[in-house]
Amino acid sequence: MTEKNVSENFITQIIDTDLESGKHQDIVTRFPPEPNGFLHVGHVKSICLNFGLAEDYQGVCNLRFDDTNPAKESVEYAQSIQRDVEWLGFKRDKEVRYSSDYFDQLYTYAQELIEKGLAFIDEQTAEEIRENRGDFTHPGVNSPHRGRPRSESMDLFRRMKAGEFEDGKMVLRAKIDMQSGNLNMRDPIIYRIKRQHHIRTGDKWCIYPMYDFTHCISDALEGITHSVCTLEFADHKPLYDWVLDNISIGCHPHQIEFNRLNQTFTIISKRKLIELVEEGVVDGWDDPRMPTVSGMRRRGYTPQSIREYAKKSTVTKKPSIIPMSTLEDCVRQELNTIAPRVMGILRPLKVVIENYPEGESEMIVAKNHPMDESFGNREIPFARELYIEADDYKENANRKFFRFTEGREVRLRYAYYLTCQRAIKNDAGEVIELRCTYDPETKGGSSPDGRKVKGTIHWVSAQHADDVELRLYDRLYNEKSPKGMDNLNDNSLEILESAKIEPNIINNSEGIRYQFERMGYFYRDKIHETNKPIFNRIVTLRDSWAKLEQ
RNA sequence: UGGGAUGUCGUCAAGUGGUAAGACACUAGAUUUUGAUUCUAGCAUUCGCAGGUUCGAGUCCUGCCAUCCCAACCA
């Protein structure tokens with residue numbers, strides 16, 4: 001038995017009850033995005049819930065595009081959504097659905113409502129409708145057209161569809177209760193006139209159904225058993241039920257609301273994400289700093305770790321905000337087991353080994369994974385001139401710093417013990433080179449006399465290393481609960497153009513997530529690079545030294 | 001001043017009347033040729049507040065308080 005996709009929660013309890021009572025034999029769920037933007041972490045939770053539930057209970061989950069507003073939707077968005085869902089690892093056994101597939105049936109159901117005297121054509125302007133709807137403290141006022149004969153509404157509705165009226169001239173409204181405390185029940189609009197080219201139906205329709213009318217019927221037509229949505233739709237449930245109770249349809253799905261996934265230092269709102277893209281704050285929807293699925297993919301996050309994260313955001317009714325560290329923890333946890341180790345230098349500092357023969361080099365054997373022998377070994381060239389990390393030298397270091405400082409011996413990973421003799425500075429007083437000596441007896445990284453060195457640092461051979469560009473990412477916002485552009489983190493992207501990487505990596509790097517030892521996990525950004533190979537830092541390693549240092 | 005929901009460790013949570021799981025974070029220590037990984041220990045006398053019922057309440061009752069969502073011809 002494999003592990004469940006979804007951990008036990010109040011929704012699985014409802015499903016269990018429904019299965020036990022015989023209300024349902026099988027379950028059917030759906031993920032119903034509007035193709036008006038890219039998928040983000042918030043959607044991931046919903047995807048994992050709906051598809052995960054279907055898998056766990058051996059049911060079905062439909063991917064359905066809720067495409068009832070042609071003004072905002074595009075095929076590009078629909079394609080990106082489909083790609084993202086597949087990338088996350090969920091497969092559908094049925095074709096993709098579209099709410100627009102049901103436009104004819106929706107139109108018929110609307111007529112049924114009119115026939116029953118439960119819907120009418122309203123000719124008030126949008127402003128009048130808004131005013132007469134009232135607000136939280138004032139009840140609404142009935143439309144002057146509310147009492148219009150059914151036959152007249154029917155005639156008008158058909159002529160609406162036939163294109164006889166201009167946009168905004170009239171709407172079809174459900175006749176419910178203008179006194180209701182729930183604004184959604186104050187004679188909600190269910191059809192409007194909108195001359196827009198639709199991504200699926202083209203110019204066939206000039207009237208389009210509204211979400212509240214479409215969604216419940218689409219669910220019912222697909223035989224959805226559990227219609228899972230986020231908390232903000234709770235107020236719409238009475239309307240969802242009202243529609244299904246008042247038309248001739250043999251299915252009434254159970255709408256269940258759960259809490260959205262929120263993340264610290266992140267804004268998850270399609271509107272705000274679009275703004276970042278359009279203002280050029282980020283490099284598109286797939287910028288590695290974006291909380292979009294495409295951004296996380298480009299950054300190097302794995303589908304598995306993203307799913308694990310979504311699973312950790314437990315399904316309840318309590319609005320919650322998950323620390324980013326939880327996501328990073330999920331990512332590190334998987335990467336630690338699957339990432340081969342290599343050595344790369346982010347900020348190179350030249351080292352010359354004075355007692356190593358000029359013009360010579362040798363091969364050093366290194367493990368590709370410290371805990372997993374199946375990753376095998378590799379050989380790395382070692383020579384007189386190396387690059388090490390600039391941070392691994394400190395002019396005035398105390399005893400707690402156990403890397404390079406003048407006179408101190410450290411270990412070059414897998415290679416030799418090296419002693420720093422002196423630092424060479426430029427006119428500005430910056431250290432530009434280290435002159436060192438090595439102990440030839442310590443090849444492999446241990447000494448015959450058993451003396452201890454506390455520090456181990458990574459390195460590359462200057463003449464053999466490859467040049468790469470590295471991009472380091474930080475959170476997009478400074479505030480834990482960012483409100484908008486004002487809270488942007490100016491240092492969310494750092495580009496390192498003179499980074500070095502050990503040889504024989506860049507040509508085999510496609511699709512492989514590497515750990516640059518001590519520096520973090522990196523992933524090749526092949527699609528977006530221009531002249532030099534680019535690696536994105538997926539996430540740093542945990543760094544207790546950095547904490548100590550503060 | 002209406003309607004809907006939610007309140008258990010810094011964060012996310014389990015708990016369904018019997019004496020507060022777990023995860024992330026954090027702290028201390030051990031091991032370590034990544035200051036990584038791993039390991040070990042610590043981390044809520046208390047469940048928004050106040051009363052009440054009960055032998056016994058986070059769980060039941062009453063009242064109060066706080067927070068979130070809702071006033072697109074968006075979804």
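Just so you know, these numbers use all the heavy atoms, side chains as well, and skip hydrogens, waters and symmetry mates. Just so it is clear, the structure is predicted and the values come from calculations on it, not from any experiment. Below, chain A is the first sequence line, B the second, and so on; all start at residue 1.
- Going from atom CZ of A:Phe10 over to atom P of B:rA14 covers 10 Å, rounded to whole Å.
- Straight-line distance between the P atoms of B:rC61 and B:rC74: roughly 43 Å, to the nearest whole Å.
- Summarising the base pairing, B:rU34 is matched to no nucleotide, lacking a Watson-Crick or G-U wobble pair whose two defining distances lie under 3.5 Å.
- Neither OP1 nor OP2 of B:rC68 sits under 4.0 Å from any side-chain N or O of A:Lys317.
- Regarding contacts with the backbone of B:rA13, a side-chain N or O of A:Thr316 is found under 4.0 angstrom from either OP1 or OP2.
- No hydrogens or angles considered: nothing links the side chains of A:Glu479 and A:Ser481 as a donor-acceptor pair under 3.5 Å.
- Comment: A:Arg30 engages A:Asp219 in a salt bridge, judged by a side-chain N to carboxylate O separation of less than 4.0 angstrom.
- For B:rG35, the OP1/OP2 oxygens have a side-chain nitrogen or oxygen of A:Arg518 closer than 4.0 Å.
- Not one side-chain nitrogen or oxygen of A:Arg260 sits closer than 4.0 Å to the OP1 or OP2 atom of B:rU6.
- Using a 4.0 Å cut-off, some side-chain N or O of A:Lys318 falls inside it from OP1 or OP2 of B:rU8.
- The partner of B:rU1 cannot be assigned: no Watson-Crick or G-U wobble pair with both contacts below 3.5 Å exists in any strand.
- A cation-pi contact links A:Arg513 to A:Tyr523, judged by a cut-off of 6.0 Å to the six-membered ring centre and 45° from its axis.
- Between A:Tyr211 and B:rA75, no base-stacking contact is recorded for ring centres under 5.5 Å apart and planes less than 30° from parallel.
- In this structure, A:Phe136 does not count as stacked on the base of B:rU1 under the 5.5 Å centre distance and 30° plane angle limits.
- In a base pair of the Watson-Crick type (N1 to N3 plus N6-O4 or O6-N4) or a G-U wobble (N1-O2 and O6-N3), with each distance short of 3.5 Å, B:rC43 is matched with no nucleotide.
- In B:rA72 the O4'-C1'-N dihedral to the base is within 90° of 0, which defines a syn nucleotide.
- Taking only side-chain nitrogens and oxygens, A:Asn259 comes nearer than 4.0 Å to OP1 or OP2 of B:rA13.
- With both pairing distances under 3.5 Å, B:rA66 is matched to B:rU6 as a Watson-Crick or G-U wobble pair.
- Phosphate proximity of B:rA25 to A:Thr326: absent, as no side-chain N or O sits under 4.0 Å from OP1 or OP2.
- Using a 4.0 Å cut-off, no side-chain N or O of A:Arg332 falls inside it from OP1 or OP2 of B:rA36.
- Aromatic rings from A:Tyr208 and A:Phe103 are positioned such that their centres are separated by under 6.0 Å.
- With hydrogens and angles left out, the side-chain atoms of A:Lys237 and A:Asn184 include no donor and acceptor closer than 3.5 Å.
- As rounded to the nearest Å, B:rU31 and B:rA23 have P atoms that lie 24 Å from one another.
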